[in-house]
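Read the structure below first, then the notes.
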2 protein chains.
Amino acid sequence: MVGQSARQSTTPAAATGAGRPGAASAAGGWQDFSPPALRPALAAALACFMENGYHGTTIRQVATRAGLSVPGLYHHFPSKQALLVALDDEAMNELWNRSTAALADGPQSVLDRFDRLIRCLTLFHAHRGGLAFIALSEIRSLEGSARAEHIAARDRQQALLSGIIDEGVATGIFDAPHPRETSRAITTMCTGVAQWYRIDGELTPEELADRYGRLCRLTAGAAAGR
Amino acid sequence: MVGQSARQSTTPAAATGAGRPGAASAAGGWQDFSPPALRPALAAALACFMENGYHGTTIRQVATRAGLSVPGLYHHFPSKQALLVALDDEAMNELWNRSTAALADGPQSVLDRFDRLIRCLTLFHAHRGGLAFIALSEIRSLEGSARAEHIAARDRQQALLSGIIDEGVATGIFDAPHPRETSRAITTMCTGVAQWYRIDGELTPEELADRYGRLCRLTAGAAAGR
DNA sequence: GATGAAACCGAGCGAGCGCTCGGTAAAGTA
DNA sequence: TACTTTACCGAGCGCTCGCTCGGTTTCATC
């Protein structure tokens with residue numbers, strides 16, 4: 001309940017990014033998750049895809065959930081695939097924006113950046129579990145260039161963490177004889193949060209992030225700390 | 001290439017289990033992964049589901065891949081859903097049989113059992129990645145009681161690891177102030193192998209299992225060892 | 001060589017799919 | 001008031017879906 005949810009709502013977050021929520025440009029804003037803020041049709045599509053998957057969802061289900069007729073839905077999005085691509089873009093962009101903001105926001109030692117990135121990953125996958133889950137599990141359903149773009153974004157995102165781990169190994173902060181597997185394992189741990197975490201469960205995202213921060217330090221071969 | 005792949009093929013594995021491959025009843029047999037041994041129609045369904053997901057796969061694709069006509073396929077399985085359930089059962093049963101065999105096979109200290117279970121989980125998700133991936137990602141597509149049975153099997157499987165971790169925390173072998181999250185994180189790491197590991201990649205499953213064994217010890221708060 | 005079971009297939013049924021046609025209603029602008 | 005834009009919908013098109021009907025072929029057994 002308490003945590004450090006960093007409510008700084010008096011400052012309108014509107015500087016470098018596109019001005020959309022999720023840009024999180026202000027200091028500390030990368031851990032502020034107030035509004036979901038998806039357009040109604042997208043929110044309906046997300047809910048349907050989470051329940052039945054992309055191919056298991058019909059356009060009529062999405063329309064009904066959005067309170068629209070089928071042609072009414074097609075007024076906002078040109079195809080079912082476009083709904084998926086928009087959700088995927090939203091997820092990948094928001095995670096990237098938050099991650100880069102987290103890395104820039106504070107002391108720049110390797111361990112500080114590691115801790116902030118882990119916190120960012122955990123908070124995102126807890127708060128935006130649905131979005132992250134779809135982006136992770138429906139890669140196969142992305143058609144044409146959208147799939148390649150997703151994979152490029154995922155690799156770029158993954159490089160943030162593995163870069164820090166490589167740095168930490170080079171400077172002796174991390175004891176990781178196989179940095180690639182260490183990085184893979186930590187990434188999997190954090191993204192896995194989207195698969196099981198429920199926002200109405202026992203832990204707040206902030207509490208979970210504290211616990212995962214400690215676990216990831218251990219996995220990376222750092223001192224337990226806090 | 002070397003590893004400890006425990007080739008003991010002279011002894012026919014045929015004692016306690018149903019006699020099917022994957023029962024792995026002989027000593028050390030839980031880490032012997034020689035034959036995939038799925039019926040042709042199931043193997044075809046698995047390949048299709050991996051490429052396009054359950055709902056994204058048509059019965060005609062499965063039939064073609066199996067070298068059958070559509071009615072020919074229906075001679076072996078009564079429905080598309082039955083193919084998925086059979087694959088899911090195969091995955092859950094094989095993992096359970098191997099896990100219980102691994103726990104029984106050797107010294108019974110907490111750390112010994114932990115190491116063998118982690119090794120078993122990693123080897124399984126590397127060798128049987130396709131099967132494990134479908135069982136993990138298509139839970140939503142299981143209809144009726146099959147979904148509840150899968151979840152029961154998954155919880156039973158999960159309890160093997162969390163039980164050991166609780167034991168280790170109680171006896172002071174593991175330093176884990178939040179055993180449930182530790183258990184969840186380690187499980188996620190190991191099952192995550194099915195999402196990215198390729199059998200034709202740089203690491204053999206046995207090498208990967210060695211590295212993951214070390215990582216999981218760290219995550220659990222044990223001494224690094226080896 | 002007759003018999004029955006198992007293995008298989010060409011053709012196609014009814015249903016539901018993604019998507020569109022040709023509109024109407026409401027709101028902003030001149 | 002006329003005109004444009006935006007937001008929406010009833011009806012339905014063409015297609016593919018999971019599945020089945022009514023067969024034929026293969027093969028072990030007598």
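Per chain, numbering begins at 1; letters A, B, ... match sequence-line order.
A/T64 is linked by a side chain to side chain contact (heavy atoms under 4.5 Å, CB included) to nothing, counting only residues two or more places apart in sequence or in another chain. In terms of the side chain to side chain contact (heavy atoms under 4.5 Å, CB included) criterion, residue partners of A/D105 (sequence neighbours excluded) are, by chain and number, A/A27, A/W30. Every side-chain hydrogen bond (donor to acceptor under 3.5 Å, both in side chains) that A/S141 has, sequence neighbours left out, goes to A/E138. Under the ring pair (Phe, Tyr, Trp, His ring centres under 6.0 Å) criterion, B/F114 pairs with B/F174, not counting sequence neighbours. Considering only residues two or more places apart in sequence or on other chains, B/R39 meets the salt bridge (Lys or Arg N to Asp or Glu O under 4.0 Å) condition with none of them.
Rounded to a whole Å, the CZ atom of A/F77 is 12 Å from the P atom of D/dA7. In this structure, the CG atom of A/L68 is 6 Å from the P atom of D/dC8, given to the nearest Å.
More than 12 non-hydrogen atoms from other residues, nucleotides or ligands lie less than 6.0 angstrom from CZ of B/R156.
Using a 4.0 Å heavy-atom criterion, one finds that A/L73 contacts no nucleic acid atom at all.
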Which parts of nucleotides 17-23 of chain C does protein reach within less than 4.0 Å, heavy atoms only, written one letter per nucleotide 5' to 3' as B for base, S for sugar-phosphate only and - for none?
-> BBBBB--
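Taking 4.0 angstrom as the limit, A/H76 places a side-chain polar atom (N or O) nearer than this to OP1 or OP2 of D/dC8. For the OP1/OP2 pair of D/dA7 and a distance below 4.0 Å, the side-chain nitrogens and oxygens of A/H75 include at least one atom meeting the criterion.
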Donor-acceptor list for residues 41-56 of chain B side chains, cut-off 3.5 Å, not counting sequence neighbours:
| residue | atom | partner | partner atom | Å |
| --- | --- | --- | --- | --- |
| B/E51 | OE2 | B/R65 | NH1 | 3.3 |
| B/E51 | OE2 | B/R65 | NH2 | 2.9 |
| B/Y54 | OH | B/Q81 | N | 3.2 |
| B/Y54 | OH | B/Q81 | NE2 | 3.1 |

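Contacts with DNA chain C (heavy atom under 4.0 Å) in residues 38-46 of chain B: none are found.
Sequence neighbours left out, not one pair with a member in residues 67-79 of chain B passes side chain to side chain donor-acceptor pair (under 3.5 Å).
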